[in-house]
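Start at 1 and go down the list; that is how both ligands and their atoms are numbered. Values below: every heavy atom of this structure, side chains too, minus hydrogens, waters and symmetry copies.
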Amino acid sequence: MFSTHYLRKAFTLNSKRFSSTISGLDASKVKVTKSQVLKPLVANKDLVFGHTFTDHMITADWNEEKGWLAPEIRPYENLSLAPSTVVFHYASECFEGMKAYKDKKGNIRLFRPDMNMARMNRSTARIALPQFDGDELLKLIGEYTKMDSRWIPNERGYSLYLRPTMIGTQEALGVNPPSNAKLFVIGCPVGPYYKTGFAAIKLMATTEYVRAWPRGTGDAKIGGNYAPGLLPQRLAAARGSQQNLWLFGDDHQLTEVGAMNLFLLWKNESNELELVTPPLDGSILPGVTRDSILSLAREWNEFKVTERKLTMPELREAIKQGRVKEVFGAGTACIVSPIKTIEYLGEDLAIPLDPYDSTSQAGPYTKRFSDEIMDIQYGDKESPWSVVV
Ligand SMILES: *Cc1c(COP(=O)(O)O)cnc(C)c1O
């Protein structure tokens with residue numbers, strides 16, 4: 001599915017780097033340095049997403065001659081980088097977003113972490129950063145989450161958000177594939193996205209800017225994709241929307257919601273109940289949550305499940321005809337984010353939430369996806385998707 005031309009090329013180029021004396025990332029070589037002073041924990045109720053970090057971090061350096069050097073788990077601290085470091089100039093940076101959960105027995109669990117490792121290697125390939133062995137990084141993440149386990153809240157809805165990151169660290173202004181790179185992982189305890197249950201959001205459809213385009217980088221989780229989204233987000237916020245809805249093309253194809261994948265449950269043109277999400281055409285980020293929702297929906301087999309293009313005029317017509325049942329965004333941070341209004345070309349289009357409960361902030365299937373995924377993440381329901389570290 002992802003074997004696009006650039007990836008094949010990048011993998012071939014990278015595999016040359018794995019020859020003879022070049023070492024791969026090796027978790028068994030890890031050097032562990034414990035922090036002398038442990039930070040005070042923050043009460044669950046006071047957690048703000050992405051503001052509190054644990055006591056330690058994982059780091060590993062890479063260079064073209066030697067490959068991956070011994071990784072480290074060490075105290076969380078500032079990085080020291082020369083102003084000429086390539087990441088500051090050409091955005092040689094990619095990242096992942098995943099979570100560690102504590103189950104009722106106190107085990108630490110990850111949710112489909114192999115997908116994050118594979119996606120990160122596709123991101124690094126796209127920006128000419130090195131490949132790494134995802135299983136080795138997962139071993140390091142396992143050790144790190146155990147070491148900082150006191151930071152993983154043991155309450156449903158809470159977790160430790162993990163941010164694996166890779167940056168180009170060569171000190172040079174030439175526009176070349178970096179000869180040096182650093183991989184690091186930091187973690188922050190986070191609470192439920194919606195503290196008081198779901199809160200349906202308003203979107204503004206962005207017609208002036210696009211997030212991604214075919215044969216661009218929209219399918220890679222690289223830092224360079226996100227800063228340009230902040231202005232449209234600010235414009236949407238100024239008009240009372242929580243997120244912007246990214247469109248593409250003159251026909252205003254629906255793509256993503258802020259940094260989430262988009263789902264629509266509707267009665268389609270043939271009056272069939274259908275769950276639709278835009279296809280992975282290179283401009284859509286292949287979300288782990290997106291894939292999980294598609295798999296669950298196909299397993300339930302209660303409605304048609306389709307990955308296809310859909311335009312804003314088609315959605316507008318369906319909303320006006322009362323054919324739209326539920327619209328939601330999907331991503332690791334919130335699992336699902338119900339949508340109640342879309343502002344499109346100056347018009348507010350209202351989307352129903354729950355037909356059976358006027359006080360509800362999410363449709364029945366939106367809720368069911370969220371509950372089912374959480375049951376798996378917290379080990380309340382057995383599934384190969386949940387991996388005990
Ligand atoms: C990370 C991200 C998503 C969601 O991916 P998950 O793996 O489900 O967290 C969706 N869209 C964009 C643009 C993203 O960066």
Side-chain angles (χ1 to χ4, degrees), residues 1-2 49-50 91 93-101 110-124 126-127 134 138 141 159-166 185 187-188 190 192-193 201 203 206 209-214 216-233 236 242-248 253-264 277-297 307 327-337 339 366 369-370 372-374 376-377 385-387:
M1 174 163 36
F2 304 110
F49 187 90
E93 192 265 7
C94 65
F95 64 96
E96 271 305 317
M98 55 199 284
K99 285 173 170 175
Y101 310 83
L110 300 172
F111 182 72
R112 310 187 73 185
D114 52 317
M115 290 195 79
N116 297 95
M117 297 299 106
R119 185 169 70 190
M120 188 157 174
N121 269 313
R122 294 196 303 273
S123 299
T124 65
R126 183 63 183 85
I127 54 174
L138 285 180
I141 287 175
S159 57
L160 185 71
Y161 183 83
L162 298 167
R163 172 51 61 90
T165 309
M166 199 190 294
V185 182
C188 46
V190 295
Y193 210 73
I201 60 171
L203 303 182
T206 298
Y209 304 94
V210 288
R211 189 192 86 88
W213 42 90
T217 56
D219 58 351
K221 229 168 164 70
I222 59 177
N225 283 343
Y226 297 83
L230 300 179
L231 174 62
Q233 191 189 88
Q242 283 77 26
Q243 292 282 348
N244 71 311
L245 173 59
W246 290 110
L247 306 178
F248 177 75
Q253 293 160 33
L254 296 156
T255 63
E256 297 204 52
V257 183
M260 290 182 284
N261 293 117
L262 175 73
F263 282 88
L264 161 75
T277 194
L280 300 178
D281 64 352
S283 64
I284 303 289
L285 198 288
V288 176
T289 318
R290 175 188 181 280
D291 188 81
S292 306
I293 287 171
L294 288 173
S295 299
L296 287 175
E307 296 169 67
V327 181
F328 57 93
T332 295
C334 61
I335 308 179
V336 294
S337 184
I339 293 157
T366 306
F369 282 122
S370 173
E372 187 116 349
I373 290 176
M374 262 214 246
I376 295 171
Q377 288 171 337
W385 284 353
S386 181
V387 180

Under a 4.0 angstrom heavy-atom cut-off, which atoms of ligand 1 come close to [X]?
X	value
Gly287	5 (O), 6 (P), 7 (O), 8 (O)
Tyr226	13 (C), 14 (C), 15 (O)
Thr332	6 (P), 7 (O), 8 (O), 9 (O)
Arg119	5 (O), 6 (P), 7 (O)

Could you go through the ring-ring contact (aromatic ring centres under 6.0 Å, His included) check for Phe49 and Tyr161 one step at a time? CA-CA 9 Å; Phe49 187 90; Tyr161 183 83; 5.1 Å; yes
Give a yes-or-no answer on whether the side chains of Thr255 and Arg211 include a donor-acceptor pair shorter than 3.5 Å. no
Check the orientation of Phe263 and Phe328. Use parallel for under 30°, tilted for 30 to 60°, and perpendicular for over 60°.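 Geometry flag for Phe328 against Phe263: parallel rings.
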Quick one: look up the protein heavy atom nearest atom 11 (N) of ligand 1 and list residue, atom name and how far away it is.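 Atom 11 (N) of ligand 1 sits closest to the protein heavy atom Glu256 OE1, 2.5 Å.
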If you measure from each heavy atom of Ala259 to ligand 1, is any distance below 4.0 Å? yes
Assess Met115 for proximity to ligand 1: is some non-hydrogen atom of it under 4.0 Å away?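 No.
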Heteroatom proximity flag, [X] to ligand 1, N/O under 3.5 Å:
X	answer
Lys221	yes
Asn116	no
Leu285	no

Where is the tightest heavy-atom contact between [X] and [Y], given as atom of each residue plus distance?
X	Y	answer
Arg290	Ile284	NE-CG2, 4.5 Å
Thr332	Gly97	OG1-O, 3.7 Å
Asn261	Glu256	ND2-OE1, 3.3 Å
Gly50	Val190	N-CG1, 4.2 Å

Counting heavy atoms only, name the option from Thr289, Asn225, Ile293 that's nearest to atom 8 (O) of ligand 1.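 Nearest option to atom 8 (O) of ligand 1, by heavy atoms: Thr289.
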Among Arg211, Met98, Met260, Arg112, closest by any non-hydrogen atom to atom 13 (C) of ligand 1: Arg211
Check each of Lys221, Arg122, Arg119 against Glu96 using the salt bridge (Lys or Arg N to Asp or Glu O under 4.0 Å) test, and report the only one that passes.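 The passing option is Arg119.
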